[in-house]
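Contents: one structure, followed by commentary.
The first residue in the sequence is number 1, and the count goes up from there.
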Amino acid sequence: MHFSEQVITIIILATLTGNYLIGMIADFLNLKNLTQPLPIEFKDHYNQKKYNDSQNYLKANTKFGFITSSVDLVIILVFWFSGGFQIIDSFVRSSNSGSIVSGLFFAGILLLLKLLISLPFTLYSTFVIEEKFGFNKTTPKLFFIDLIKSIILSITLGGILLSLILWFLEFGGQFAWVMCWAASTIFLLIVQYIVPTWIMPLFNKFTPLENGPLKEAIIKYAKSIDFSLSNIFVMDGSKRSSKSNAFFAGFGKNKRIVLFDTLIKKHSIEELISVLAHEMGHFKKKHIIKRMVLSIFQMGFVFYLISIFISHEGLFHAFFMKEVSIYAGLIFFGMLYSPIDLFISILFQVSSRKDEYEADLFAAKTIKDKQPFINALKKLSAHNLSNLTPHPFYVFLNYSHPPVLLRINSLKSL
């Protein structure tokens, strides 16, 4: 065994087990924090039963997450050390289809195996846990229709991008990583543009918000902050879940506000405007552009590292591969890159939580009343059975938004 092979094996093993153990510690601390009583701020929206339900919901998902992550870790290690990657590589090479087609089959088989392993867990989460707590509205038929659509989209869009990346890395020479970066950036921008108008309607029905007090209030507020707005839609989120949400999609002239039908039913006009003010705040504060630019630079960094490690023999020896290939190198590099990815994701989470506070502040100041947004946050938390007392370490690792109680206290301090 070469020294570089040993180092790579140790790094990847340490990353897999380290991520698993860190996740377990964070989950344990999060569950331990459930001993705290109902925060006074929420006594007007939670009774003791509702609070117990939110805690039981967290316990159910955490215990289930422990099972799924344990199974995933065992399967990855068994597959790795039993030579699973080499078995698949031998199979795809037997067709003599060329490196790019072989790469597509190699990645496709791995993704298919991952889908088959995860499917029972997804079914249990949807039809047992979510059903038990009153959230699931998805029928088995709709579930599998969604699954088929997702697979077709993944094959189409993912196949196009992966083919380009494999071609550039195979024939692009020393600047192949730059070509991959440019292609991925263009692909990202195109997808951002087509998601609202082409992809999302494949899964949900989007109905223009009908004329009335809510639409008038939204347009009036948008004008008050000089926010160009023409597309306001209601999404039939209730056909899959009773949970509520609102979001922006797309950019430029193609951007649209989307309100879940469940959100409209449970909130006053003032509260809905405050939620949308928060989302518009992300645009006005340039958070969306900032996140996209950071993601693009991260992609460039990743592709540069790929160009260094993609053909490193030690990487392939660590996974018991007999031949070096671009397509397998991409998979193995992804596992080697995990420690850096964890570090970067934590930095992104920290930045995201800061952006959420800024958007909260924007909403409160532009509406000139913080109470509607505070009420909306409380209602959303109660309706979605959110964890009101997450442990700081769990928040540090996993939360893109600050805990709701901290957001409310921040708003009250204005």
Side-chain angles (χ1 to χ4, degrees), residues 185-237 244-265 267-297 348 351-377 380 400-401 407 411 414:
T185 299
I186 294 169
F187 183 84
L188 173 66
L189 296 175
I190 292 174
V191 168
Q192 287 288 326
Y193 188 81
I194 67 173
V195 159
T197 52
W198 291 85
I199 296 177
M200 290 172 61
L202 293 174
F203 296 90
N204 288 94
K205 183 179 179 181
F206 292 84
T207 307
L209 180 63
E210 60 185 22
N211 294 327
L214 176 57
K215 186 173 183 178
E216 291 172 4
I218 293 173
I219 293 173
K220 180 181 178 182
Y221 171 75
K223 287 181 179 178
S224 73
I225 60 170
D226 193 27
F227 187 90
S228 60
L229 181 64
S230 57
N231 299 315
I232 310 171
F233 290 89
V234 179
M235 190 184 92
D236 60 341
S244 302
N245 204 355
F247 62 91
F248 273 87
F251 58 90
K253 294 181 180 179
N254 210 32
K255 69 175 181 287
R256 57 172 63 184
I257 287 179
V258 179
L259 298 166
F260 280 39
D261 52 359
T262 48
L263 185 76
I264 294 175
K265 292 175 184 176
H267 292 266
S268 68
I269 290 178
E270 290 77 15
E271 290 164 356
L272 291 169
I273 295 301
S274 71
V275 171
L276 294 178
H278 169 90
E279 298 298 336
M280 292 180 190
H282 283 306
F283 271 89
K284 298 297 284 188
K285 293 290 184 179
K286 312 296 184 187
H287 296 158
I288 309 299
I289 294 175
K290 180 186 77 173
R291 293 173 189 176
M292 186 172 291
V293 169
L294 288 174
S295 296
I296 289 171
F297 276 107
F348 270 62
S351 175
S352 176
R353 291 194 293 271
K354 177 178 174 290
D355 291 347
E356 295 302 324
Y357 278 126
E358 288 185 2
D360 288 353
L361 180 64
F362 178 90
K365 285 188 172 182
T366 54
I367 292 175
K368 299 180 175 63
D369 186 0
K370 57 194 174 188
Q371 197 57 47
F373 192 51
I374 291 174
N375 291 340
L377 288 173
L380 282 168
S400 61
H401 289 58
R407 295 175 71 181
L411 287 165
L414 292 177

| query | How many angstroms lie between NZ in Lys265 and CG in Leu259, if you round to the nearest 0.5 Å? | reply | 13.0 Å
| query | Just wondering, are more than 12 heavy atoms of other shown residues or ligands nearer than 6.0 Å to CZ in Phe247? | reply | yes
| query | Between Met292 and Leu189, does a side chain to side chain contact (heavy atoms under 4.5 Å, CB included) hold up when you go through it step by step? | reply | CA-CA 9 Å; Met292 186 172 291; Leu189 296 175; 3.5 Å; yes
| query | Do the side chains of Ile257 and Met280 get nearer than 4.5 Å, heavy atoms only? | reply | yes
| Rounded distance [0.5 Å steps], CG in Asn375 versus CG in Asp369 | 9.0 Å
| query | Looking only at side chains, do Glu356 and His287 share a donor and an acceptor under 3.5 Å apart? | reply | no
| message | Quick one about Thr366 and Lys284 (side-chain donor to acceptor, distance below 3.5 Å, no hydrogens or angles considered), yes or no? | response | no
| query | Taking side chain as C-beta onward, heavy atoms only, is Tyr221 less than 4.5 Å from Ser224? | reply | yes
| field | Ser274 side chain to Glu271 backbone, donor-acceptor under 3.5 Å | value | yes
| request: Report yes if the side chains of Asn245 and Val258 come closer than 4.5 Å at any heavy-atom pair, otherwise no. | output: no
Identify all side-chain donor-acceptor contacts of residues 208-217 below 3.5 Å with residues at least two apart in sequence or on another chain.
unit_1, atom_1, unit_2, atom_2, d
Asn211, OD1, Lys215, NZ, 3.4

| query | Is there a side-chain contact between Ile273 and Lys220, using heavy atoms and a 4.5 Å cut-off? | reply | no
| field | Euclidean distance, Phe227 CZ relative to Ile218 CD1, rounded to 0.5 Å | value | 11.5 Å
| field | Side-chain heavy-atom pair Arg407, Leu377 within 4.5 angstrom cut-off | value | yes
| query | When rounded to the nearest 0.5 angstrom, what is the spacing between CG in Leu411 and CG in Asp360? | reply | 5.0 Å
| query | Rounded to the nearest 0.5 Å, how far does OH of Tyr357 lie from NE2 of His401? | reply | 11.5 Å
| query | Ser295 side chain to Arg291 main-chain N or O, any donor-acceptor pair under 3.5 Å? | reply | yes
| task | Quick one: closest heavy-atom pair of Ala246 and Glu279, and the distance? | result | O-OE2, 3.8 Å
| Single hit among Lys290, Lys285, His282 for side-chain hydrogen bond (donor to acceptor under 3.5 Å, both in side chains) with Asp355 | Lys290
| message | Would you compute the distance between atom CD1 of Ile264 and atom CD1 of Ile269 and round it to the nearest 0.5 angstrom? | response | 10.0 Å
| note | Here the pair of heavy atoms bringing Ser244 nearest to Leu380 is CB-CD2, 3.8 Å
